[in-house]
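Computed over heavy atoms, backbone and side chain alike; hydrogens, waters and symmetry mates excluded. These numbers were taken from a predicted model, which means no experiment stands behind them. Proteins come first, then strands; the chains are lettered A, B, ... in the order of their sequence lines, and each starts at number 1.
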Protein chains: 2
Amino acid sequence: VEKYFQVYGRIAQADGGERFEFSHSYSKVYAQRAPYRPDGVFMSFEGYNVELRDRVKCISGVEGVPLSTQWGPQGYFYPIQIAQYGLSHYSKNLTENPPRVEVYETGGDRDTDRDRDTDGEWTVPKGCSLSTVWDKSRLSRVKEFSCPESSEGVSLQLDNSRDFIISFDLKLLTNGSVSVVLETTEKNQLFTVHYVSTTQLIALKDKDIFYGIGARSSWSTLTRDLLTDLRKGVGLSNTKAVKQTKIMPKRVLRLVAKGHGFLDNVTISATAHMAAFFAASHWLLRNQDERGGWPIMVTRKLGEGFKSLEPGWYSAMAQGQAMSTLVRAYLLTKDPAFLGAALRATAPFKLPAERRGVKAVFMDRHDWYEEYPTSPSSFVLNGFMYALIGLYDLKETAGDKLGKEARLLYERGLASLKAMLPLFDTGSGSVYDLRHFMLGTAPNLARWDYHTTHINQLQLLGSVDPAPIFRDFLKRWKSYLRGGRAKHN
Amino acid sequence: VEKYFQVYGRIAQADGGERFEFSHSYSKVYAQRAPYRPDGVFMSFEGYNVELRDRVKCISGVEGVPLSTQWGPQGYFYPIQIAQYGLSHYSKNLTENPPRVEVYETGGDRDTDRDRDTDGEWTVPKGCSLSTVWDKSRLSRVKEFSCPESSEGVSLQLDNSRDFIISFDLKLLTNGSVSVVLETTEKNQLFTVHYVSTTQLIALKDKDIFYGIGARSSWSTLTRDLLTDLRKGVGLSNTKAVKQTKIMPKRVLRLVAKGHGFLDNVTISATAHMAAFFAASHWLLRNQDERGGWPIMVTRKLGEGFKSLEPGWYSAMAQGQAMSTLVRAYLLTKDPAFLGAALRATAPFKLPAERRGVKAVFMDRHDWYEEYPTSPSSFVLNGFMYALIGLYDLKETAGDKLGKEARLLYERGLASLKAMLPLFDTGSGSVYDLRHFMLGTAPNLARWDYHTTHINQLQLLGSVDPAPIFRDFLKRWKSYLRGGRAKHN
């Protein structure tokens, strides 16, 4: 019965007899308490953990953002995943308490309060040097280290068994590395995560895990989630999915630096959400192309009957989620570069698929923004609603004049959504897309996860639009999760 | 569980344990063995028993066709029901063996073989007369009877306990009646069914049931199903539904005639399908209006959000089912009146609802023929397919030239069906109409009866059109009856 009805259940004792209790989904509908705002929590993304998904190969040391293997084991930067990584950390930052931060090294800057030397304890082996120096560009004292690659390196005692986000400012004058030694839950074995001045993505050799972080020849902050880095390294695989592993870090023992360079502001904290958010935002700034899009460099075959999307396609969902991310970065920083990128991201909404755009038109009447701009059109619902949310964020933020185009696109899209929503209602759930109508095939039923996503998106849109259709559909679509059905005649 | 999933089931013993066996419907999918033909069985209508439905008040004695109370307790002639009455008897005539016929009175015509006097035994009470006379118009000997209304009437012994369809030729010179005395299963009580020269529809007084048959001042044949006439009389009600009754005729005792008139060819048979079929066909001939339609003289409110259809509306389903009936009558008789009426019945297919037509257009693209030409359009699937089948019958029968219009209407409609069929597929059943899309409401799920009808109609259309969509949808839609579901993603 479980598999047939796609329900989850258990046999319960009740009223002196056995009773089979079932419900359709473990995934949760979140409560949209207040009206949605472009500077607020993004839908229910505070509950997402993008980086730990097994289709994320790892967080790139060079780019600071996840690399996807969802549709290709070689891995590729997937703008949707990157935006979701940013939006989830942005949302967690709003919903969680500020993290504990343990400071290990400030180049002695903290000693100005003269209470005590709070910086950590360094070990400098023979052949290595370590000193505190004045950095003119930062107007701050920093630690300069110099030791051959063949040496043990200078090491800073950390000994933190509570938190696992490490962060430090780094500038390298030669090739070099910063490594972190971890005690793990795996028989207390030590694993070392090496952040190396190469462009290699990730490697595993016995108990050593390597992430390339690029040359780092000017100052930058490296913030790494050691739990993620450890697990992605141990689970490293050539397939689409990272291998399951139970390993966890138990204690961050020490940091080891090699080569010639500078370190400053070494901390360990429970979270570093804004670092992740800005890593995503800056990646989006750097990687937007001249057409305003984030080209997706992987072949995507949506299914039988559709032509393949060849590498370089745009997605309305990527464009929209990027807008939602960039608008938040703009609202935090007021840096016009973020708003400008979000505004340029509307360009593909005006072009049809055959001109590399993301716009489809349903039955010559309803404009639609395609997650997958396939031929024929596919009308994927959840991607469309994410695109609408992005347009909403943008038109609300950019003002009447700059935001005019986004507003028009939003309004046309919303009208289409209201008209077409019934086509996605099966009377006991929802369909993922309209391929059945476009191809004359079976309906592509949305699994309960996606049905829940549809509900969450409708709640968000319904919180800023009073149209009764949102209220009515939400009530019914939520009832489907509890086994409700539309009436039959 | 039964009600929730709309399944029927039972607890079965199997493999040493209990098992809940379920299926979705008792209604049967019929097998379309050979390609459908306009002179063949109509779909699965050989299994229909229109007249015994509780929404049929009775078979009118004047018109010879059923009177519906489906949408009004006052009763009205519903062309769809009348056509289905005709088509079901036409189909039974093809699938059943010829009936037994017991002949009781021929006016002595059978005595020409001189073997024996096979005519029945008459009782002529005092004050009544009965004689055999020559009828010039019929070139046949007939029985002339004359007895006052106050008398017992002349009576013909029948004594048939096997079959219950009585038939006789009748001509009345005054008011009069022919009554049939029945022994019934209800404590062996006698009930008498009176066929009276009035226009009263039906009445019940104690154990006497009355049907008006009109003046009958020229020769006509009256064929009556005594089982139906008994049960409709005993169950007579002022509500929409005939009352449930278990009563059945056990024996046809005798026929009693009063007034002054002529009788001939008194028979009792097991069935008289062609009489019912031609009653329906002739009713359709007589009642087609100057617009080619059969106006439906009852208010029909399809549901919330739709304007009411006011009395006088046409239905594409009625037009189509009438075509299917009339074409069969034409093919049997070659009487051009039947074909002419069927051809004129296409006229409402060319007009939109607001001009009293039955045509709707889906999204400015797909022509549709409306069972209920509502505003907004409702796109009821089963009525549309019945309309298409009627157009098919007509275009196949009328030839290239006369049938040109029907062919165009059929082809346009069939193209719409192929394009729009996926909109009716919920992944676990079908929807009855597209009101959810037109009104922005919940889908109107088809109950399993209608889902089965959809399947039977698709089988019929698929038997004359090789399009793969029919094959694919049939396979999947049949699987839903056994609990199959479309895949989820």
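With a threshold of 4.5 angstrom between heavy atoms, A:D425 approaches chain B through its backbone and through its side chain. For A:F473, the part sitting under 4.5 Å from any heavy atom of chain B is the side chain, from C-beta outward, and nothing else. Both the backbone and the side chain of B:N444 have a heavy atom closer than 4.5 Å to some heavy atom of chain A. No part of A:L421 comes within reach of chain B, as not one of its non-hydrogen atoms sits under 4.5 angstrom from that chain. For chain A, no part of B:D433 is nearby; none of its heavy atoms comes within less than 4.5 Å.
A:Y432 and A:F424 make their closest contact through O-CE2, 4.2 Å (heavy atoms, listed as atom of the first residue, atom of the second, distance). Pairing each heavy atom of B:S44 with each of B:Y30, the nearest pair is CB-CG, 3.6 Å. B:L439 approaches B:P376 most closely through the heavy-atom pair CD2-CG, 3.6 Å.
The choice from B:T441, B:T426, B:N489 that makes the most heavy-atom pairs within less than 4.5 Å of chain A is B:N489. Of all the listed residues (A:A419, A:A442, A:G303), the one sharing the greatest number of non-hydrogen pairs under 4.5 Å with chain B is A:A442. Between chain A and the options B:R365, B:M438, B:K418, the largest number of non-hydrogen pairs under 4.5 Å is found for B:R365.
Residue B:S315 forms a side-chain contact (heavy atoms from CB on, under 4.5 Å) with just one option from B:E370, B:R300, B:E371, and that option is B:E371.
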Below 3.5 Å, can you tabulate the donor-acceptor pairs from side chains in residues 378-388 of chain A to any protein atom, sequence neighbours excluded?
unit_1, atom_1, unit_2, atom_2, d
A:S378, OG, A:Y372, O, 3.1
A:S378, OG, A:T374, OG1, 2.9

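With sequence neighbours left out, A:R471 forms a side-chain contact (heavy atoms from CB on, under 4.5 Å) with A:P468.
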